[in-house]
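Encoded as structure tokens, the structure appears first; notes follow it.
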There are 2 protein chains.
Amino acid sequence: MSDEMCKILLDHGIKPTAVRRRVWGAVEHRMKAFALSDLEDEMPEMDRSSIFRSLRLFASHQLLHEIDDGTGKQKYCRCRCEDDGHLNHIHFSCVRCGRTYCLMDYTIPRVDLPEGFVPDDIEYVVKGLCPSCSKG
Amino acid sequence: MSDEMCKILLDHGIKPTAVRRRVWGAVEHRMKAFALSDLEDEMPEMDRSSIFRSLRLFASHQLLHEIDDGTGKQKYCRCRCEDDGHLNHIHFSCVRCGRTYCLMDYTIPRVDLPEGFVPDDIEYVVKGLCPSCSKG
DNA sequence: TATAAAAATGCAACCAAGTTGCAATCACTA
DNA sequence: TAGTGATTGCAACTTGGTTGCATTTTTATA
């Protein structure tokens, strides 16, 4: 709805249709990684493939990152990188509650690769217990 | 068949049945990560779920690691860790040919996590072009 | 050794998540 | 306003993983 929201989409070359604004609104302020199924549950009146297509579109236009936390479900997180569009923070995946945290302030330490390997992107996922699950 | 093979399985608390020896034989010398589907293709006369159960068994007995390289397929690699049973090397996943390399000599750099996060395992996957694909 | 009990296997079916084909609808331009 | 292309909703399909169960094999016990 808001002009603000439209602007972000337009700035990234995305036509702000009703579906896309709806999806973006549900997504833009999230700090944790989320899956398609999360959005499905929250917006049961919306079509799965429409949400899916919006997410993929956002990801291809650098509004979201696609991350893989080892749970077998594709997750997304809000991209806040100014640089080259690549993820540069680590993720934490809780083995108990299944939530994935974006640790924005923790950058991925780099490794020099053997000759011939040309890196493009890095995924650094720590698995264990998150603060709320480690308390118990 | 070989006593050697049986010994490895027995040493890890696994009864060396025919299926398991067959699967282990197809797996033990691999340097690259592999998926269930790879073994299915190589041993078409074997049952999928039997291979699957063997792999899961091996993994639960620390003979294999289950790794997630972001391709959406569960991959496995030969465990050569002497220490705590955790993976400690990085992986390289080629976006062109889909192969996943275990870079055994490249250990995962550690990151101090925020208060409350209790790490158990780490996944470090670099995506890009492998030596054979980056040549072209 | 014969038999009972337990474990492993093969098969078919199921499930979840992602993805696609296509017709209906919408948005925009001429 | 008609025509064109993009978008959407729906249903169906694909892939990979997983499970239920009857059959077979192995192991333990009498």
Side-chain angles (χ1 to χ4, degrees), chain A residues 1 5-6 9-10 12-27 33-61 63-77 93 95 98-100, chain B residues 1 5-6 9-10 12-27 33-61 63-77 93 95 98-100:
Chain A
M1 308 306 198
M5 188 185 295
C6 287
L9 296 181
L10 285 168
H12 287 78
I14 294 172
K15 202 188 333 175
T17 65
V19 166
R20 292 169 187 168
R21 284 195 306 226
R22 188 77 210 291
V23 174
W24 183 249
V27 148
F34 56 91
L36 172 58
S37 57
D38 297 325
L39 300 186
E40 267 183 85
D41 294 344
E42 287 176 33
M43 310 188 286
E45 76 286 4
M46 291 207 66
D47 178 67
R48 193 157 60 116
S49 60
S50 296
I51 303 175
F52 168 71
R53 284 189 269 235
S54 291
L55 293 178
R56 193 166 56 177
L57 187 70
F58 294 162
S60 70
H61 285 71
L63 276 168
L64 295 177
H65 279 303
E66 295 178 319
I67 63 180
D68 189 309
D69 57 9
T71 60
K73 292 172 75 159
Q74 179 70 261
K75 301 254 176 111
Y76 302 86
C77 73
S93 174
V95 296
R99 277 196 288 255
T100 294
Chain B
M1 307 309 196
M5 189 187 293
C6 287
L9 296 181
L10 286 168
H12 287 78
I14 294 171
K15 207 193 321 181
T17 65
V19 166
R20 292 169 187 168
R21 284 195 306 227
R22 186 79 210 290
V23 174
W24 183 249
V27 148
F34 56 91
L36 171 59
S37 56
D38 297 325
L39 300 186
E40 267 182 84
D41 294 344
E42 287 176 33
M43 311 187 285
E45 75 286 3
M46 292 206 67
D47 179 66
R48 191 159 61 117
S49 59
S50 296
I51 302 175
F52 168 71
R53 283 190 270 234
S54 291
L55 292 178
R56 193 166 56 177
L57 186 70
F58 295 161
S60 71
H61 285 71
L63 276 169
L64 294 177
H65 280 303
E66 294 179 318
I67 63 180
D68 190 308
D69 58 7
T71 60
K73 291 172 79 162
Q74 179 71 261
K75 300 253 176 110
Y76 303 85
C77 73
S93 175
V95 297
R99 279 196 287 255
T100 294

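Every chain is numbered from 1, with letters handed out A, B, ... down the list of sequences.
- Each of dA12(C), dT26(D), dA11(D) was ranked by its minimum atom distance to the side chain of Ser49(B); first place goes to dA12(C).
- For Leu36(B), counting side-chain heavy atoms from C-beta on, the closest listed nucleotide (dT9(C), dT7(D), dG17(D)) is dG17(D).
- Ser37(A) comes within 4.0 angstrom of nothing in the nucleic acid, heavy atoms only.
- A donor-acceptor contact shorter than 3.5 Å is absent between the side chain of Asp41(A) and the backbone of Asp38(A).
- When side chains are defined from C-beta on, Phe52(B) does not count as touching Asp47(B), because their heavy atoms never get closer than 4.5 Å.
- Side-chain contact between Phe58(B) and Arg20(B): present, with at least one pair of heavy atoms (C-beta onward) separated by less than 4.5 Å.
- Over its length, the helix from dT1(C)-dA30(D) to dA30(C)-dT1(D) turns its helix axis by 10°, as judged from the five terminal pairs at each end, rounded to 10°.
- Residue Arg56(B) is in sugar-phosphate contact alone, with no base atom involved, counting any heavy-atom pair closer than 4.0 Å across all strands shown.
- Evaluation of atom-type donor-acceptor distances gives no pair under 3.5 Å for the side chain of Arg48(B) against the base of dG10(C).
- No donor-acceptor contact under 3.5 Å links the side chain of Thr17(A) to the base of dC26(C).
- Residue Arg53(A) places no side-chain N or O under 4.0 Å from the OP1 or OP2 atom of dT20(C).
- For the pair Lys73(B) and Ala18(B), nearest-nucleotide mapping onto DNA chain D gives the more 5' position to Lys73(B).
- Of the possible polar contacts, none joining the Arg21(A) side chain to the Cys6(A) backbone as a donor-acceptor pair under 3.5 Å is found.
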